[in-house]
Structures are given as structure tokens and as C-alpha cells.
Q: 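Can you keep this structure in mind? I'll have questions shortly.
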Amino acid sequence: MSFSQKILKWYGQNKRELPWRATKDPYKIWLSEIMLQQTRVAQGMPYYHKFLEAFPTVYDLANAKEEKVLKLWQGLGYYSRARNLHATAKIVIDKYEGKFPSTYKELKGLKGVGDYTASAIASICFNVPEPVVDGNVYRVLSRYFGVDLPINSPKGVQYFKQLARDVMNTENIRDYNQGIMEFGAIQCAPKKPYCLLCPLNDGCVALKENKIGGLPVKLKKTKVKDRYFNYLVILDKDKCTLLEQRHGKGIWQNLYQFPLLESEYVLEIDELQEQIAQQSALPSLQTIKLFNEKEIVHKLSHQNLHTRFWILEARDAIKDGISWEQVHTFPVPVLIAEFIKIFKI
DNA sequence: AATACGGGGGA
DNA sequence: TCCCCAGTATT
């Protein structure tokens with residue numbers, strides 16, 4: 001039996017029943033693929049259901065406010081996916097009359113759709129013989145064929161794509177592509193795969209050469225930067241507060257947060273008051289109190305956000321203030337959502 | 001070619 | 001802690 005035939009056989013016997021496996025609707029497949037980028041199935045699942053409920057068709061998604069899309073995406077991370085999702089829905093309506101294109105090339109042209117996702121949609125929905133190469137596939141191929149090229153080097157990316165193409169099954173690309181990914185997720189797992197019971201163990205180079213633990217090879221880890229966030233939770237007598245939207249580059253684009261004072265180190269209270277005094281846009285304040293004595297360290301893949309929340313009492317009614325009851329309706333980062341949850345006004 | 005972009009889960 | 005997750009866009 002060939003490699004691809006073994007994958008297909010294993011898939012037939014071991015696949016999970018996942019909601020997006022019961023359909024070929026490009027809208028649903030696309031939605032699931034975007035959500036599952038760098039995201040575990042278990043984490044994406046509730047979002048998939050929420051989105052289909054809120055936006056049953058691509059038209060519903062295209063016609064929604066970005067804020068609503070971001071709110072539903074809240075907590076899933078990599079928010080550019082949500083913004084691109086929304087933008088692409090509009091493009092599908094305007095340029096493709098509501099029908100997703102069926103070629104790899106056209107799909108790849110959609111925002112947020114890269115090499116992997118274009119291959120996935122083309123193969124799963126339209127039976128186009130394009131191999132998918134995701135983290136699972138890198139692992140399976142590097143181990144089975146004993147390839148130690150770094151998977152995140154240009155050489156490696158190119159090599160694995162070609163290898164994937166060479167060994168794919170073009171007869172049933174839909175099941176094969178999902179099969180090799182599922183095999184990587186369930187059987188050929190990152191840590192302690194149970195090779196003893198693996199149906200592909202006889203041809204596996206890494207197993208034979210005892211290199212399972214060292215494959216795939218991945219270059220360097222990211223260095224993490226420390227940042228110091230001071231959030232100003234301003235409240236007036238009507239229980240109104242101030243939220244602002246994050247614009248420009250960087251994390252959490254278009255999400256909301258309390259007014260932020262970023263500093264190079266942990267600020268003393270008088271230093272903070274000095275900074276506040278220089279912010280002409282802020283309302284006049286009466287009192288200031290530190291909410292969390294111990295800083296909250298919110299960890300992202302590239303940043304540790306050392307965060308303190310300050311509760312400020314406004315002298316007058318806040319202009320354009322947001323009622324505290326409404327705060328939870330805005331799309332916010334998890335860091336802010338957690339605060340809103342525990343803060344009792 | 002390198003880096004930024006979230007958040008959560010498992011060992 | 002560290003690594004990884006159905007990767008993509010930008011520099």
C-alpha cells in the first residue's frame with residue numbers, strides 16, 4: 001500500500017466527526033479554515049457555531065458591521081483574521097456574485113487566504129488536486145520521510161510543498177488532505193506519538209532512525225518583549241466610562257480598550273498622575289486608585305503585557321461616555337474582558 | 001528572510 | 001516554562 005493509501009485507510013477508520021466535514025459548502029469550509037489557522041479544533045469549534053448562527057450566509061456576514069464580527073471573534077486571537085474574513089465576504093458578494101471562486105489562484109487572491117487555505121478550500125470543496133501543508137503535514141512528512149530541513153525556512157517550505165504534491169492522492173484529494181492533517185493531529189502527534197500502534201510505522205524513516213523527537217526541525221523561537229500598560233478606567237457619577245478603539249499597526253487592531261498610558265517601566269502613582277495631567281483629552285479627575293496592586297501579566301506570543309488598572313473618578317459627567325452596562329457589548333481583548341468580568345462598580 | 005500577530009492547552 | 005495549534009501579511 002502506498003503512503004497516501006495508508007493515510008486514506010487510517011482516516012476512514014479514525015476520523016472525528018466534525019461539523020465542517022459534513023459539507024462542501026465553500027462558505028462553511030472557508031469559515032472553518034480561517035478559524036482553524038493556528039488554532040486548535042476544540043478552541044475554534046464554539047466560534048464556528050456562533051458565526052454560522054449569526055451569519056448563516058456570506059451575505060449576512062458581508063452586511064454585518066465589522067464591530068459585530070470582531071465581537072463574535074473576541075477571544076479567538078489573531079484578529080486580522082476577523083477583519084479579513086469580513087472584507088473577503090464583501091469581495092465574494094461584489095466580485096464573485098456571492099459564489100466563492102473554485103480555483104486555487106482565485107482563492108489565494110482573497111484576503112486572509114494564503115497557500116494553505118487556498119489549497120484546502122479548492123481541494124475540499126472543488127476536488128482540485130492541491131496538497132495542503134499545515135503544521136500537521138510538516139510533522140507527518142518530515143518524520144515519515146526523514147526530512148530535517150527547517151519547516152520555516154524558504155527552502156523547507158518549498159521542499160515540503162513539493163514532497164506533499166509528490167505523495168498526495170489525486171483520486172480522493174478531499175479525504176486525503178483532511179486525512180493527513182487528522183493523522184498528524186491524532187496519531188503522529190507532536191509529543192510522544194504512539195508509534196508502536198501506528199499503521200505507518202514500518203515505512204517511517206524517523207522511527208527507524210530514532211529521530212521522532214527531533215522532527216520536524218523548526219528554526220529559533222521568538223523573543224518576547226516586555227511592555228507596561230496602565231489602563232485608565234474613568235467613571236463618572238452616572239456610571240459612564242471611556243473606551244477607545246485601537247488604530248494603526250500592532251496588536252488588537254480595531255478592538256476597544258480603556259484609555260491607555262504605556263510606560264517603559266512600572267510607574268509610581270505620582271509619575272502616572274503627571275502623565276495624566278499632560279493628556280488634554282482626558283476629563284478632569286477627582287480621585288485615583290490602583291485596582292490591582294499586583295500587576296497582571298498578559299502573555300502574548302511576542303509580548304508580556306505588564307498591566308495595571310487604575311480606577312479614576314471623573315469630576316463631571318464624561319462627554320461621549322459609555323454606560324457601564326454597555327461596556328460588555330464592545331469587542332475587547334481578553335485582557336480587558338477579564339477585567340470587566342471581575343470589576344464591581 | 002524575518003517578524004508580527006492571540007490565546008489556550010498539554011507536558 | 002516551553003511548544004504547538006487545519007497560517008497570513010508585512011517588512
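Each chain gets a letter, A, B and so on, in the order its sequence line appears, and its residues count up from 1.
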Q: May I have the list of side-chain donor-acceptor pairs in residues 259-269 of chain A shorter than 3.5 Å, sequence neighbours left out?
A:
| residue | atom | partner | partner atom | Å |
| --- | --- | --- | --- | --- |
| A/Glu262 | OE1 | A/Arg227 | NH2 | 2.8 |
| A/Glu262 | OE2 | A/Arg227 | NE | 2.8 |
| A/Glu262 | OE2 | A/Arg227 | NH2 | 3.4 |
| A/Ser263 | OG | A/Asn230 | ND2 | 3.3 |
| A/Ser263 | OG | A/Tyr265 | O | 2.8 |
| A/Tyr265 | OH | A/Glu271 | OE2 | 2.8 |

Q: Contact class for A/Arg83 vs. all strands (heavy atom < 4.0 Å): base, sugar-phosphate, or nothing?
A: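 No contact.
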Q: List in chain and number order the residues that pass side chain to side chain donor-acceptor pair (under 3.5 Å) with A/Glu244, two or more places apart in sequence or in another chain; answer none if no residue qualifies.
A: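 Partners of A/Glu244 under the side chain to side chain donor-acceptor pair (under 3.5 Å) test: none.
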Q: Categorize A/Gly77 for me: base, sugar-phosphate, or nothing, with a 4.0 angstrom heavy-atom threshold over every strand shown.
A: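 Since a base atom lies under 4.0 Å of A/Gly77, the category is base.
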Q: What is the nucleic acid contact for A/Trp73, judged by heavy atoms within less than 4.0 Å: base, sugar-phosphate only, or nothing?
A: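 Answer is nothing: A/Trp73 stays at 4.0 Å or more from every strand.
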Q: Give me the first and last nucleotide of DNA chain B, going 5' to 3', that has any atom under 4.0 Å from a heavy atom of chain A.
A: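 Nucleotide range in contact with chain A: B/dA1 to B/dG10.
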Q: For atom C1', what is the distance between C/dC4 and B/dG6, given to the nearest Å?
A: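 Going atom to atom, C1' in each nucleotide, I get 13 Å.
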Q: Any base atoms under 4.0 Å from A/Gly44, or only sugar-phosphate, or nothing? Heavy atoms, all strands.
A: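 No contact.
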Q: Taking only residues two or more places apart in sequence, or in another chain, which ones meet A/Tyr228 in a side chain to side chain donor-acceptor pair (under 3.5 Å)?
A: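 Result, side chain to side chain donor-acceptor pair (under 3.5 Å) vs A/Tyr228: none returned.
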Q: May I have all residue pairs that pass side chain to side chain donor-acceptor pair (under 3.5 Å) and include part of residues 281-291 of chain A, sequence neighbours excluded?
A: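 As it turns out, the side chain to side chain donor-acceptor pair (under 3.5 Å) pairs with a partner in residues 281-291 of chain A, which skip direct neighbours, are A/Thr287-A/Glu313.
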Q: Grab the two heavy atoms, one from A/Pro199 and one from A/Trp10, that are nearest each other, plus how far apart they are.
A: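 Residues A/Pro199 and A/Trp10, closest heavy atoms: CG-CD1, 3.5 Å.
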Q: Does anything in residues 71-84 of chain A form a side chain to side chain donor-acceptor pair (under 3.5 Å)? List the pairs, not counting sequence neighbours.
A: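 Residue pairs passing side chain to side chain donor-acceptor pair (under 3.5 Å), neighbours aside: A/Thr39-A/Arg81, A/Lys71-A/Gln74, A/Arg83-A/Gln253.
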Q: Report the residues that fulfil side chain to side chain donor-acceptor pair (under 3.5 Å) with A/Asp148, sequence neighbours left out, ordered by chain and then residue number.
A: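 If we apply the side chain to side chain donor-acceptor pair (under 3.5 Å) test to A/Asp148, skipping adjacent residues, there are no hits.
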Q: Can you tell me which stems DNA chain B forms when a stem means 3 or more consecutive Watson-Crick or G-U pairs under 3.5 Å?
A: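 So the stems come out as B:1-5 with C:7-11, B:7-11 with C:1-5.
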Q: Using a cut-off of 4.0 Å on non-hydrogen atoms, how would the nucleic acid contact of A/Ile34 be classed: base, sugar-phosphate, or nothing?
A: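 Touches nothing.
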Q: Regarding A/Val137, tell me which of base, sugar-phosphate or nothing describes its non-hydrogen contacts under 4.0 Å with the strands shown.
A: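 Answer is nothing: A/Val137 stays at 4.0 Å or more from every strand.
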Q: Once you apply a heavy-atom cut-off of 4.0 Å, does A/Gln253 come out as touching a base, just sugar-phosphate, or nothing?
A: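 Nothing, no nucleic acid heavy atom in range.
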Q: Considering every strand and a 4.0 Å limit on heavy-atom distances, what is the contact class for A/Thr117: base, sugar-phosphate, or nothing?
A: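 Sugar-phosphate, backbone atoms only, no base.
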Q: According to side chain to side chain donor-acceptor pair (under 3.5 Å), does anything in residues 186-207 of chain A pair up with another residue at least two apart or in another chain? List the pairs.
A: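 For residues 186-207 of chain A: A/Lys6-A/Asp202.
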Q: Checking all strands, does A/Gly75 fall into the base, sugar-phosphate, or nothing category for heavy-atom contacts under 4.0 angstrom?
A: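 The answer is sugar-phosphate, as A/Gly75 gets under 4.0 Å only of primed atoms, P, OP1 or OP2.
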Q: Toward the 5' end of DNA chain B, which comes first, A/Pro154 or A/Gln303, by nearest nucleotide?
A: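 On the 5' side of the pair lies A/Pro154.
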Q: Applying side chain to side chain donor-acceptor pair (under 3.5 Å), name anything that partners A/Glu182, two or more places apart in sequence or on another chain.
A: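 Only A/Arg16, A/Arg21 meet the side chain to side chain donor-acceptor pair (under 3.5 Å) criterion with A/Glu182.
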Q: Under a criterion of less than 4.0 angstrom to any heavy atom of chain A, what are the 5'-terminal and 3'-terminal contacting nucleotides of DNA chain C?
A: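 Contact boundaries, 5' end first: C/dC3 to C/dT11.
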Q: Name the nucleic acid region contacted by A/Lys299, choosing base, sugar-phosphate or nothing; use a 4.0 angstrom heavy-atom cut-off, strictly under.
A: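 If one applies the 4.0 Å heavy-atom cut-off, A/Lys299 turns out to touch nothing in the nucleic acid.
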Q: Which ring pair (Phe, Tyr, Trp, His ring centres under 6.0 Å) pairs, counting each pair once, include a residue from residues 313-336 of chain A, with sequence neighbours left out?
A: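 Found A/Tyr256-A/Phe330, A/Trp324-A/Phe343.
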Q: Classify A/Ser301 by what it touches in the nucleic acid, base, sugar-phosphate, or nothing, heavy-atom distance under 4.0 Å.
A: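 Contact class for A/Ser301: base.
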Q: Hey, does A/Val113 reach any base, or is it just sugar-phosphate, or nothing, if we go heavy atoms under 4.0 Å?
A: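 Sugar-phosphate: the residue A/Val113, judged by heavy atoms under 4.0 Å, touches backbone atoms but no base.
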Q: Which is true for A/Lys223 with a 4.0 Å heavy-atom rule: it touches a base, it touches only sugar-phosphate, or it touches nothing?
A: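 Touches sugar-phosphate only.
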